[in-house]
Amino acid sequence: MQHRIRWAAVAAAPLALVLASCAAPAESEETVDAASMNYAALSHEELVELATEEGEVSVYAFTSRIATVEEAFEAEYPGIDVIATDISSTEQIQRLASEHAAGSATADVAYVSDAPVVITELVEEGVLLPYVPERVAGSLADEYQTPLVANRLSTKVLMYNEEAHPDGSPVDNLWQLTEAAWAGKVVLVDPNVRGDYLDLATELSLQSDAMAEAYEAHFGEAIVLEDGVPDAGLQFLKDLYANDAILTDDTDNVNAAVGATGQDAPPVGFTSYSDRRDNEDEGWALQVAAGVAPSPGIVFPAMLGLTAEPANPAAARLLIDFMMGDDSETGGAAFEPFYVAGDYPTRSDVVAPADAVSLDELSAWIIDPQRTAEVRGDVADFLLTIQ
Amino acid sequence: MIAVRRVTTILARPITWIALLVAAVLVVLVAAPLAGLVAATFREDGGGSWADVLASPLSQNLFWQPLGNSLLVAIGTGVIATLLGGFLAWVVVMSDVPGRKIIGILATIPFALPSFAIALAWESVFRNERLGGNPGLLASMGIAVPDLLSWGAVPVTLTLVAHYYSLSFVVVAAALAGIGGDLIAAAELTGASRARVAARIALPAVAPALLSGFLLAFAEGISNFAVPALLGLPVRFQTLSTRLYGAISTGDTERGYVLSILLVLIAAVVLYLGNRATRGRSFAVITGKASRPRTVRTGLWRWPLLAASLALVTATTIIPGLVLAVSTLLRRSNDLDGGFTLHFWLGESDPSIAQGFRGVLRDPVLLQAGVGTIALGAAVALCAGALGLVAAYVVRRVRSKPVAAGIGFLAYVPFLIPGIALGAAFIAQFGAPIGPIPSLYGTFAILVVAGTAASLPFAFQTSRSALGQVSNELEEAALVAGAGTGRRIGRILLPLSARGVTGGAMLVFVTMVRDLSLVVLLVTPATPLLAVQTFRYASEGFTQHANAITLVIAAVSVAATLLARRLQGARRPWTES
């Protein structure tokens with residue numbers, strides 16, 4: 001009998017190990033009275049001093065360019081260690097929400113895209129809090145300050161192949177894409193699979209008046225909506241799907257399909273304007289269809305937020321301040337990884353990179369994440385019915 | 001009084017205590033996350049997501065049609081992968097076909113390659129002009145490739161088969177190696193033909209292994225996202241996994257969770273049907289009188305068999321491996337016209353290439369990530385292997401059918417729970433200290449715990465099939481001789497099933513080192529992992545860097561596979577492989 005028990009214990013040991021294995025003791029919380037600290041009242045030097053005492057700051061970022069930010073920040077503030085975790089926006093949202101709910105260790109700063117979901121899942125739930133450095137508040141439009149501060153804008157816009165179309169965009173009105181000439185020749189990532197493309201689809205619905213106007217300008221008559229189609233933007237999407245639009249799973253696939261050189265009749269597609277910078281590297285000929293009516297697509301923010309109870313509150317604020325760029329006209333070393341043609345700085349005093357059309361010329365719609373969040377689910381459902 | 005005595009008798013059996021322990025561990029690792037998933041679908045809008053999915057105008061395109069596609073792909077994958085894996089296992093273990101050792105090694109590699117590498121290999125041959133961009137080999141030679149071959153059900157299924165037949169191969173090869181030559185010799189003495197021996201002895205003897213292989217390939221096929229997304233979406237071929245992933249990534253997590261619970265239910269039905277098909281029959285072939293396995297002489301057939309086997313492993317191992325390797329050397333991603341370079345492996349930072357990212361071998365965290373990855377894979381393989389073996393033993397010995405079925409179910413479904421949901425569940429469970437136990441969060445241990453949960457099906461299914469072969473009479477003999485439960489496991493069952501169990505641990509290791517979706521929610525920069533590094537590169541569109549890391553992961557997996565085979569050989573010197 002003794003034998004049995006001993007052997008049973010041996011068999012059980014690995015199981016017990018799984019559950020009870022060596023856990024590092026949780027780090028003791030700083031007892032500094034962080035909550036009552038009025039960070040807004042501090043001078044920059046005082047903030048740096050507090051941040052240096054904290055000694056580190058942890059950030060979740062949806063882009064691996066955070067590595068460059070880390071290097072630049074640590075060069076500027078040698079006493080503060082940046083701990084960066086690369087994690088996609090979808091997973092970041094889930095992780096931040098779970099960590100908040102469990103009360104476990106979490107990041108100090110989140111750098112995240114997917115604004116509509118961030119607002120409903122994180123900001124409204126108190127998981128992420130805004131912090132707008134006073135230094136840059138004056139040069140930021142209101143929509144880039146709330147609900148979270150945005151440091152740059154990215155795009156999902158119509159692009160074409162400039163090798164095949166050297167005289168400019170083959171499309172000047174989005175409604176052309178619903179005609180036979182473009183059947184099977186429009187590529188986009190499935191909006192039911194990627195959030196930024198769902199935002200694009202949602203904006204088409206929100207801009208239905210402009211879409212109706214563009215319809216009339218193109219076809220010479222007012223649009224007549226089909227039964228069950230609520231607005232002109234969604235009618236466009238329905239017609240686009242019916243015209244055999246090609247869905248794919250990834251922006252890189254759109255770029256390669258539209259951009260690859262040596263094609264006789266390349267498709268057009270919705271993708272990121274900034275990917276044009278890879279043209280030479282990848283052998284692409286991507287160019288933006290700026291000026292297409294009513295708009296080539298959307299512009300959306302990348303946002304910075306503080307977690308609810310950051311372990312390093314001062315260093316967290318310092319990092320957000322840093323990532324907004326310095327006071328030079330390119331934003332300096334801090335902003336350099338994001339200073340890319342085809343992306344746009346939110347600060348009015350930072351000059352947009354050359355080699356790209358200006359935000360005005362691009363005439364893309366700037367999404368309102370709050371409004372997008374309200375109707376996004378309905379648009380996703382509508383798209384499910386028109387497959 | 002009788003009842004009390006009965007309870008006392010049951011409690012006196014060590015198996016009862018082991019069963020309770022296994023059940024408790026499975027409740028924490030699998031049942032609790034699953035329950036959390038169910039609860040989450042009712043929390044926000046009182047279950048409205050269920051109605052959306054099952055009974056709304058959306059259901060057709062959100063659930064029913066993807067369900068049909070998923071079943072088509074998963075059953076196709078399960079059946080074809082089992083046939084091919086079983087065939088190769090027979091060639092390698094039972095036949096005298098030349099070169100079978102090499103074939104045996106190559107047949108385990110597809111599972112170590114990422115599924116997208118095989119999809120990429122498919123595309124590089126069969127891609128037509130539907131999507132635009134650079135066409136595949138056939139189309140660029142002027143051959144019109146129909147959509148049917150380029151996109152949708154056929155390429156998705158065949159790509160998954162190419163990836164997952166390894167599972168059946170590993171399980172079935174272990175089972176075939178357990179069949180003693182005496183059985184076959186006896187059959188031959190009675191004048192049975194070769195075909196009859198195969199059909200009446202070899203096939204029934206490996207039935208549990210075939211079932212395990214099928215169940216694993218089915219579950220992998222139904223839950224794989226990357227392949228249907230890449231090869232299915234261009235013709236709007238949606239599966240439950242693309243719908244599930246899409247719902248979660250567009251912020252509709254409840255709907256995604258509903259879909260994943262439905263996936264778990266489908267898997268439960270398949271598991272039930274599979275178990276029913278093999279219930280009540282004995283597959284024990286390992287008896288007290290062990291003898292060398294016999295080789296089947298194939299005569300002139302050896303050449304066609306060799307050709308078929310070689311073609312299969314070449315198409316699924318060598319070609320995708322080469323495609324992946326070449327893709328890391330291309331100056332332009334997936335485009336031969338740009339020329340070749342070693343920059344993405346060795347290059348110093350050059351601002352004109354890949355935005356100044358240096359070659360992966362110059363990345364200072366690469367070594368650390370490699371060590372972390374191997375440590376994680378090994379720790380998880382050990383824990384999952386032990387848990388899977390003990391769980392399989394309990395299912396074999398415990399007399400209560402519901403307990404056995406419950407354990408079988410919980411040990412089968414974990415990888416149908418999306419990694420993001422499983423990760424979130426572990427944050428919820430272990431994110432804060434529980435009483436005196438400090439929070440596991442942010443430690444290596446939580447990665448091991450989560451990995452054990454996620455990869456348990458491989459360990460459990462392989463152990464179950466291996467134990468199924470060991471005759472009860474051996475254990476009974478030991479029992480009569482006074483050996484306790486642990487001693488019987490350690491001295492009889494473990495050595496006799498070692499081949500299957502090591503095979504399972506190897507599958508766990510490989511899954512763990514290449515899978516990202518689960519660990520990305522739990523990993524911290526303090527424990528860098530290779531799979532996380534691939535995301536770093538892929539998120540910025542640096543295909544070559546990402547593929548280079550993937551190749552490193554594949555190399556680590558292949559090395560582990562070879563090592564496992566050596567260990568198997570050492571454990572059972574009396575059989576050749």
Side-chain angles (χ1 to χ4, degrees), chain A residues 3-4 6-8 10-12 14-15 17-19 21-26 63-64 83-88 90-91 94-95 98-99 101-105 117 121 184 187 190 192-195 198 246-249 252 256-258 260 263 266-267 278 281-283 377 380-381 384-385 387, chain B residues 14 17-18 21 25 57-58 61-62 130-134 229-230 233-234 236 242 245-246 248-252 332-333 335 337-338 353 382-383 386-387 390 420 424 427-428 431-433 438-443 445 448-449 452 484-487 489-490 520-521 524-525 535-536 539-541:
Chain A
H3 234 60
R4 283 186 186 178
R6 187 159 57 86
W7 273 103
V10 169
L15 309 185
L17 201 74
V18 174
L19 289 178
S21 59
C22 52
T63 160
S64 47
I83 303 163
T85 306
D86 295 349
I87 178 168
S88 77
T90 303
E91 281 149 344
Q94 191 81 14
R95 183 166 174 168
S98 303
E99 288 170 344
S104 68
V117 189
E121 305 275 318
V187 187
D190 186 347
N192 286 114
V193 165
R194 287 287 151 92
L198 183 54
I246 314 271
L247 304 181
T248 177
D249 66 326
D252 285 343
V258 174
Q263 301 189 73
D278 295 331
D281 229 14
E282 296 286 5
D381 288 354
L384 277 175
T385 61
Q387 302 283 307
Chain B
W17 295 100
I18 301 179
L21 189 70
V25 172
L58 308 175
N61 286 329
L62 179 59
R130 176 163 176 78
L131 180 54
N134 298 311
L230 191 65
L233 285 185
R236 303 199 195 154
T242 60
Y245 176 93
I248 291 178
S249 74
T250 56
D252 202 341
R332 293 173 177 167
S333 41
D335 179 5
D337 297 338
I353 307 177
L382 200 69
C383 293
L387 180 58
V390 177
I420 196 168
I427 294 175
S439 166
L440 286 181
Y441 195 57
T443 66
V448 177
V449 173
T452 301
T485 303
R487 198 174 175 82
I489 294 180
V520 79
L521 233 58
T524 61
F535 168 76
R536 274 186 56 195
S539 73
E540 290 297 308

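Computed from a prediction, not measured in an experiment: that's the story for all the values here. Any value given below was found using the heavy atoms of this structure, including those in side chains, with hydrogens, waters and symmetry copies removed. Quick note on labels: first sequence line is chain A, next is B, and so on, each numbered from 1.
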- Task: Please look at A:Val117 and chain B and tell me whether the side chain, the backbone, both or neither of the residue comes under 4.5 angstrom of a heavy atom of that chain.
- Result: side chain
- Item | Value rounded to 0.5 Å, distance of OG in A:Ser98 from CD1 in B:Ile420 | 8.5 Å
- Turns out that what part of A:Asp252 lies under 4.5 Å from chain B's heavy atoms comes down to side chain
- Given the options A:Asp281, A:Ile246, A:Asp381, which has more heavy-atom pairs under 4.5 Å with chain B than any of the others? A:Asp281
- Query: Are any side-chain N or O atoms of B:Arg130 and backbone N or O atoms of B:Pro234, one a donor and one an acceptor, separated by less than 3.5 Å?
  - Reply: yes
- Message: Give me the atom names and distance for the closest heavy-atom approach of A:Ser104 to B:Gly431.
- Response: CB-O, 2.8 Å
- Query: What is the distance from atom OG1 of B:Thr242 to atom CZ of B:Arg236, rounded to the nearest 0.5 Å?
  - Reply: 13.0 Å
- Determine the option with the most heavy-atom pairs under 4.5 angstrom with chain B, choosing from A:Ala105, A:Ser64, A:Gly195. A:Ser64
- Message: Counting heavy-atom pairs closer than 4.5 Å to chain B, which one of A:Val187, A:Thr85, A:Asn192 comes out on top?
- Response: A:Asn192
- Could you tell me which portion of A:Asp190 (side chain, backbone, both or neither) has an atom closer than 4.5 angstrom to a non-hydrogen atom of chain B? side chain
- Part of A:Pro266 within contact of chain B (heavy atom distance under 4.5 Å): neither
- Item | Selection from A:Asp278, A:Val258, A:Ile87 maximising heavy-atom pairs under 4.5 Å formed with chain B | A:Ile87
- Task: Answer with side chain, backbone, both or neither: which region of B:Asp252 has an atom nearer than 4.5 Å to a non-hydrogen atom of chain A?
- Result: neither
- Query: Roughly how far, to the nearest 0.5 Å, is the OG1 atom of A:Thr90 from the CZ atom of A:Arg95?
  - Reply: 14.5 Å
- Nearest heavy-atom pair of B:Tyr441 and B:Leu521: which atoms, and what distance? OH-O, 3.6 Å
- Among the listed options B:Ala428, B:Pro57, B:Gly132, the residue most often paired with chain A at heavy-atom distances under 4.5 Å: B:Gly132
- Item | Largest heavy-atom contact set with chain B, pairs under 4.5 Å, which of A:Ser88, A:Ala380, A:Gly377 | A:Ser88
- Message: Heavy-atom cut-off 4.5 Å, strictly under: side chain, backbone, both or neither for A:Gln263 against chain B?
- Response: side chain
- For chain B, find which of A:Leu384, A:Ile83, A:Thr248, A:Thr385 contributes the most heavy-atom pairs closer than 4.5 angstrom. A:Leu384
- Query: Which answer fits B:Ser249, side chain, backbone, both or neither, if we ask what part of it has an atom under 4.5 Å from a heavy atom of chain A?
  - Reply: both
- Apply the test side-chain contact (heavy atoms from CB on, under 4.5 Å) to residues B:Leu387 and B:Val25: give CA-CA distance (whole Å), side-chain angles for both, the deciding distance (0.1 Å), then the verdict. CA-CA 9 Å; B:Leu387 180 58; B:Val25 172; 3.9 Å; yes
- Quick one: what part of A:Glu121 sits under 4.5 Å from any heavy atom of chain B, side chain, backbone, both or neither? side chain
- Let me know if A:Ala102 has heavy atoms under 4.5 Å from chain B in its side chain, its backbone, both or neither. both
